[in-house]
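Nothing fancy with the numbering, it's 1 onward along the sequence. Atoms within a ligand are numbered from 1 in the order they appear, just like the ligands themselves. Treat the numbers as computed from the prediction; the structure is a model and nothing was measured.
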Amino acid sequence: MTRTSGTPQRSCLGCRKTFDQNDLIRYALTPQGMVVPDVRRRLPGRGAYTCWSPLCLAHAVQRRQFDRAFRQPCQAVQDDRLLADILKALRARMLGLIGMGRKSSQLVAGSNAVLDALGRPRQIDLLVLASDISAGIAEKVSRKAARVEVKCLGMFSKIELGPLTGRAETSALAIYQGKLAEAFAADLQNYRKLSGES
Ligand SMILES: [Zn+2]
């Protein structure tokens with residue numbers, strides 16, 4: 001069988017199925033023998049992989065597959081600790097993308113700017129509404145977004161989003177279509193799979 005893709009294939013330690021390496025979570029082993037998620041794929045040494053699935057991660061842990069993959073006994077691995085670390089890393093990366101998007105004008109922040117941007121909805125990929133946005137603003141923004149068929153995501157707090165957009169707090173932002181939006185959407189999809197939201 002010939003492969004057209006040059007991307008290495010790896011199997012998930014949970015379900016044992018083989019996937020394109022970029023579609024799996026990578027794990028690395030610290031010098032102390034601790035399994036850590038390597039969401040940025042930058043840690044040195046041998047890697048182990050699972051699907052973006054809490055079930056596959058739990059299976060891998062229960063069956064001690066990390067010991068086998070790293071060819072040594074790893075420090076006690078807890079799937080809930082790994083899961084929490086991965087979700088935290090994904091959140092940090094999405095927040096980083098928002099900060100980059102602001103600097104490179106690939107998004108606008110603030111409810112008034114978002115309402116303005118919704119006047120040109122075809123340029124917008126997604127709205128992010130802070131989970132602690134005031135009910136009145138949320139309704140106003142989401143009603144207009146629904147009318148022009150733009151998706152809204154409720155995530156992060158006003159204080160998490162604020163400093164990334166040059167403010168103390170930010171309730172809403174609109175991410176324009178493009179590479180940054182694609183990277184954000186990919187992380188978001190994995191976040192949802194792992195947190196059981198999809
Ligand atoms: Zn799997």
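Residue Arg64 places its CZ atom among 12 or fewer non-hydrogen atoms of other residues, nucleotides or ligands, all under 6.0 Å distant. For Lys144, the NZ atom counts as densely surrounded, since its 6.0 Å shell holds more than 12 non-hydrogen atoms of other residues, nucleotides or ligands. Annotation: Glu139, atom CD; neighbour count of heavy atoms from other residues, nucleotides and ligands within 6.0 Å does not exceed 12.
Nearby protein atoms of type N, O or S around the Zn ion (ligand 1) amount to 4 (distance under 2.8 Å).
Using a 4.5 Å cut-off on side-chain heavy atoms (C-beta onward), Val39 and Asn190 make no contact. Two residues are said to be in side-chain contact when any heavy atoms from C-beta on lie closer than 4.5 Å; Trp52 and Leu90 meet this criterion.
Remark: Arg42 does not engage Asp38 in a salt bridge, criterion side-chain N to carboxylate O under 4.0 Å.
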